[in-house]
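Sequence lines set the chain letters: A, B, ... in the order given, protein chains first and strands last, and positions in each chain run from 1.
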Amino acid sequence: MISCDDAAIICNKKQYKEATFLEKIKLFLHRIYCKTCSKFSKKNAKLTALCDKAPLYSLPEKEKVRMKMELQDKI
Amino acid sequence: METHQLHPETWVDLYADYLFNYAIARVSDVEIAKDLVQETFFAGLKSAKNYKGTAAERTWLIAILKRKVIDHYRKINSKKGKAEVRMNYSTNSNAEGDWLEEQVADPLSTLANDSIENEELGLAIQVCISKLPKKQSLVFSMKTIQGMSTEDICKELGINPSNLWVMIHRARIALMGCLNQNWF
């Protein structure tokens, strides 16, 4: 038996394909009797799908630091 | 917070990714988009005294970025003839059937709508990410957007994996709540 906190962590790992096989089984068993985690898993998967669907870009942290410095110079 | 005051020192953290996404959708080039964002910040700083506080900072910056995008296209089109639109009406010359019928868009195709909707979704996600605490938004975007491995992120930020997963968890919960009204 695993706790809901553990289940949530495994579920999050699963979104990034980093859950082990054993963890996936644990999550599966937990979801059978835990409505809350079952619901959370579904929503979490939806969020992953949304993030995959949207064209998301982000500036690397290095660039942001550089921008901040240049901006700071001009303030 | 005063309404008439801009906070340029927070711009990069709050709006850089949002503006970057907006720009990329319009110029399809990472380097150009980066420069446009940078120019937008500078221009914003320069005309900060004209900011009346009627619009939110983000809206105000987007308005500047829009001008920058237009300027960019003006610049690359300034050489004579480049602005000309050349199109071939029919790719295969021996097409049979009604010309007009062949040219209309497929009414069942949702491709165009999808890409517009996805861009909106992307911007909505960026808004939500920028509302997260700094550390969470950093971890989330490194993991989800840049697709970095857990190990690399831990090394770079000096945290341990369980720490990382807790932050990811909080970020994801917050994002679900934030995107809830429109996208779930």
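Heavy atoms closer than 4.5 Å to chain B are found in the side chain of A:Gln15, but not in its backbone. Of the atoms belonging to B:Lys143, heavy atoms from both backbone and side chain fall under 4.5 Å from chain A. Using a 4.5 Å cut-off between heavy atoms, B:Phe20 contacts chain A through its side chain alone, with no backbone atom that close. Looking at B:Ile173, only its side chain comes within 4.5 Å of chain A, counting heavy atoms on both sides. For chain A, the nearby parts of B:Leu121 are the backbone and the side chain; heavy atoms of each come within less than 4.5 Å. Both the backbone and the side chain of A:Tyr57 come within less than 4.5 Å of a heavy atom in chain B. Using a 4.5 Å cut-off between heavy atoms, B:Gln38 contacts chain A through both its backbone and its side chain. Interface remark: B:Ile129 contributes no atoms to any contact with chain A (heavy atom separation under 4.5 Å). With a threshold of 4.5 angstrom between heavy atoms, B:Thr150 approaches chain A through its backbone and through its side chain.
Interatomic distance, B:Leu14 CG to B:Ser137 OG, rounded to the nearest 0.5 Å: 9.0 Å. Interatomic distance, A:Phe40 CZ to A:Leu47 CG, rounded to the nearest 0.5 Å: 9.0 Å. In this structure, B:Asp35 CG and B:Thr40 OG1 are separated by 10.5 Å, a value rounded to the nearest 0.5 Å.
For the cysteines A:Cys37 and A:Cys11, the sulfur (SG) atoms lie at a distance of at least 2.5 angstrom from each other.
Between B:Trp165 and A:Tyr16, the ring-plane angle classifies as tilted under the 30° and 60° cut-offs.
In terms of heavy-atom pairs under 4.5 angstrom with chain A, the leader among B:Leu123, B:Val30, B:Ile168, B:Val166 is B:Ile168. Across A:Arg66, A:Glu61, A:Glu18, A:Gln72, the residue that shares the most heavy-atom pairs under 4.5 angstrom with chain B is A:Glu18.
Under the 3.5 Å distance criterion, with hydrogens and angles disregarded, a donor-acceptor pair is assigned to the side chains of B:Arg172 and A:Thr48.
Using modelled atom types, one side-chain atom of A:Asn12 and one backbone atom of A:Ala8 make a donor-acceptor pair closer than 3.5 Å.
Figure legend: A:Arg31 and A:Tyr33 shown without cation-pi pairing, the cationic atom not lying both under 6.0 angstrom from the six-membered ring centre and within 45 degrees of its axis.
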